Each structure stands twice: as C-alpha cells, then as structure tokens.
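Here the structure is laid out as structure tokens; the discussion comes afterwards.
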Protein chains: 2
Amino acid sequence: MSDHQQRRIPSTPGISGDALPPVEQHAKQYETVRNAHETELIEDYVELIGDLIRHRGEARAADISNRMAVSQATVSKMIRRLNELGLVTSKPYRSLFLTEEGQKMAETSRARHDVVLHFLRALGVDDSTARIDAEGMEHHVSDETLAIMQRFTEQHQQ
Amino acid sequence: MSDHQQRRIPSTPGISGDALPPVEQHAKQYETVRNAHETELIEDYVELIGDLIRHRGEARAADISNRMAVSQATVSKMIRRLNELGLVTSKPYRSLFLTEEGQKMAETSRARHDVVLHFLRALGVDDSTARIDAEGMEHHVSDETLAIMQRFTEQHQQ
DNA sequence: GATAATTGTTAGCTAAGGCTAAACTGTTTG
DNA sequence: CAAACAGTTTAGCCTTAGCTAACAATTATC
Ligand SMILES: [Mn+2]
Ligand SMILES: [Mn+2]
Ligand SMILES: [Mn+2]
Ligand SMILES: [Mn+2]
C-alpha cells in the first residue's frame, strides 16, 4: 500500500525541486486527468454540433468529419454512441439534433472553452495559438481556476 | 471537401458569439490535441520515474502503481512499452532506469510541468487545485504560451 | 428521370489503456 | 532455512477511438 519501505537509498535533500506530493494527493492528480479524458471527446463533439447548428443552421456528419479531420466512419460510429448516451437524436442520412441534455452540455462546454480562449488572448497569446491550446486545456481546468481566469480576463479587457 | 454547400439554412448573424474558424484551422486544433494525447501518458510515466529516482533513489513498479492509482499489471505492461520505445531499461523484478533519451524527456516534461504549476499558483489558484489542473494542462500548452506563463510568474513572484 | 457525385453506414481491423486472476520471484521473518 | 509476504509478470478480457474498403442512400446535374 505505502511506498516501498525496504532498500531505501539515501537521497540528496534540498538540491532538487519540490518534494513529491503525498501518495493520495498524487494519485488524485492522475485520476482526475483520466476522468477528464473519458468525457473530453464527447464534449468536443457535442459542442461542435451545437456550434454548427448555431452558425450554419444544421449539423451534418460530413461537416464534423471535415472540421475534426477524422474519417466519416469514425464520425458515424461516434454519433451512434452520442445517441445511446441520450445527447443527440438522429435519423439515418439526416442531419443531427441535440437533446435537451445535449444542449446543456454544448452550452456548458462552449462557455468553458470561451473563458479559456479569452483568457489566453488576454494573457497575450497569439490568436491561432490560443485556439489550439484552448482546445486541449479546456478539459483540464477546474471550476476554481476557470473563475480566476474569467476575473483576470475582465480586468485585462479592452 | 468543403462544408456542405447545399441546403444552406439561413443563420442569425450577429447574435451568437465568435464565428466558426476556417475548416483547416479548426481541424488543426483537434489534430494537435490528438497528437498530445498520444504522448501524454508516456511523458507522465517517464517524468514520474525520474522524480522517484531523484527523490527516493530508485523507481519501483509498485510505487508507480500506488502514485498513479493504477493496477500493477497496467504498470508492467506500460513499462514493456517504455522499454520498446527506448526510454527505460529494466530487468525483471528489478527497479527501473531511464535511458539518455528517457532522462531528456523526464527533464523536459518536469520543467514544463513546473512552469504550468508555478504559473497557476502565481495566478492565485490554491496549491492542491493547481497541482491537479497542471497535471492535465501541461500537455496542451504550446511553447509560446509556456514562455508567456513563465514571464508572468517571474513578474508576479514573491 | 437517369446518372454522377456526395454523403452516410457497416464490417472488420488495429492500438492504447484499463481491469482481474493466477503464477512466479525476491525479501523478510519466525 | 522454510514459510509468509510483497512485488512483478503474464494471460486474457473489455472499451475507446482511430482506420480502410465496400456498400447504400440522398442530392445534384445533365
Ligand atoms: Mn471545446
Ligand atoms: Mn476540446
Ligand atoms: Mn507532468
Ligand atoms: Mn501530466
């Protein structure tokens, strides 16, 4: 359960950076990341579908395939999964719609995405880099950090 | 290739947030995230092995299993992979060592991790939250953003 | 309205990253 | 030094997320 107690080799204290965090805290770091990865892609799909509907009037599998740079087969399979999760409704060969729950997720995800994107721009990051970084970072920002980012952005707006 | 040109449904311009980015740029966002995910776990393992060696004198599979909260079987399998990738050397039932390349990766990863962690603390994020967020964010921060974070931290140090 | 082009689906493959259960090795202890 | 314990490995299973190739449906074009 604990770290190995045997064969302890003397370390050189003081000369290297921060100490290792306690095992439980350390484990929580990785667990949180694993959990985020489970929902990450689903959120991106739902958010994109919401954006397509908002900006283009409808969401087609081909658009998702192009914008995500992924095969149509991959999109088709994922749509089936989103369906099973109760996030989208779809009829074969027709465009996609979000369920209530899907719409909620899309809004939440987009809002979070926007906070991160605007924060990075406020920090001074170039727009296209900020967009790339935000696409990944958004899934790993806690509510606490998100609130701080939002406040920072407001104070540095203009 | 392009977004669907047919059946365009009129959208309501102006009332909703930012426009969708051009298809190529949008695709690059997701591609970059997918690429980061490919190396993410490997970097975390190598970084952790380096930290264990630095702080505890040696890296044992059981320590990794405990600190990552993952089964020993999972660790064992991953170590084989790190071996094949030329990042660690290991003999059965003995502790782990990093190759030259592994050491380089460990250092780079830890440096990046530290920049993100210290940045979050400088922003005002609570330490334990900062640690959790940094564990995920570190893999999605571009060099450009990293440099900006570092500068920010230096200016807000004390 | 027939044909061509585009879009969507299905089947079957791969790799990564988890797990449990069982077997094996190395270390500690009575 | 034998037994018990701790640590490691292997085998076999599952899910996710990608791919290609073949087929099916819809939409556009002549
Ligand atoms: Mn997003
Ligand atoms: Mn994203
Ligand atoms: Mn790290
Ligand atoms: Mn990490």
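This is a predicted model, so every value here is computed, not measured. All chains are named by letter (A, B, ...) in the order of the sequence lines, taking the proteins before the strands, and each is independently numbered beginning at 1.
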Next on the checklist: Below 30° counts as parallel, above 60° as perpendicular, anything between as tilted: where do the rings of B/H140 and A/H140 land?
Outcome noted: parallel

Next on the checklist: Here's a test of your reading of the structure: between A/S71 and A/R94, which maps to the more 5' nucleotide of DNA chain D?
Outcome noted: A/S71

Next on the checklist: Between C1' on D/dT10 and NZ on B/K77, what's the gap in Å once rounded to a whole number?
Outcome noted: 11 Å

Item to check | Nucleotide C/dA16, atom P - distance to CZ of B/R80 in whole Å | outcome: 12 Å

Checklist entry - Rounded to the Å, how far apart are B/R60 CZ and C/dT25 P? => result 16 Å

Next on the checklist: Below the 4.0 Å mark, does D/dC19 have OP1 or OP2 next to a side-chain nitrogen or oxygen of A/T74?
Outcome noted: yes

Checklist outcome for this item: A/K91 NZ to D/dA25 P, in whole Å, measures 17 Å

Checklist entry - Looking at A/H113, A/R112, A/R110, which one forms a side-chain hydrogen bond (donor to acceptor under 3.5 Å, both in side chains) with A/E138? => result A/H113

Next on the checklist: Just the rounded figure in Å: distance from C1' of D/dA17 to CG of B/N35.
Outcome noted: 14 Å

Checklist entry - With hydrophobic residues grouped by side-chain heavy-atom distances under 4.5 Å, do A/L117 and B/I148 end up in a single group? => result no

Item to check | Of the listed nucleotides D/dT16, C/dT25, C/dT7, the one nearest the side chain of B/Y93 | outcome: C/dT25

Next on the checklist: Let's see if you can work this out: which of D/dG7, C/dG8, D/dT10 has an atom nearest to the side-chain heavy atoms of B/A62?
Outcome noted: D/dG7

Next on the checklist: Could you see if A/M68 belongs to whatever hydrophobic cluster contains A/M78? Use Ile, Leu, Val, Met, Phe, Trp, Tyr and a side-chain cutoff under 4.5 Å.
Outcome noted: yes

Item to check | Nearest to side-chain heavy atoms of A/A73, which nucleotide of C/dA16, D/dT10, D/dA21 | outcome: D/dA21

Item to check | A/E58 CD to D/dT26 C1', straight-line distance once rounded to whole Å | outcome: 13 Å

Checklist entry - Can you check whether B/R34 has a side-chain N or O nearer than 4.0 Å to OP1 or OP2 of D/dA17? => result no

Checklist outcome for this item: Heavy-atom nearest pair, A/D133 first then B/S142, reads OD2-OG, 2.7 Å

Next on the checklist: As a test of reading the structure: which of D/dC19, C/dT7, C/dG18 is closest to the side chain of A/V70, going by heavy atoms?
Outcome noted: D/dC19

Checklist outcome for this item: Separation of D/dT16 atom P from A/L85 atom CG, nearest Å, is 9 Å

Checklist outcome for this item: Whole-Å distance, B/I79 CD1 to D/dT10 P, equals 11 Å

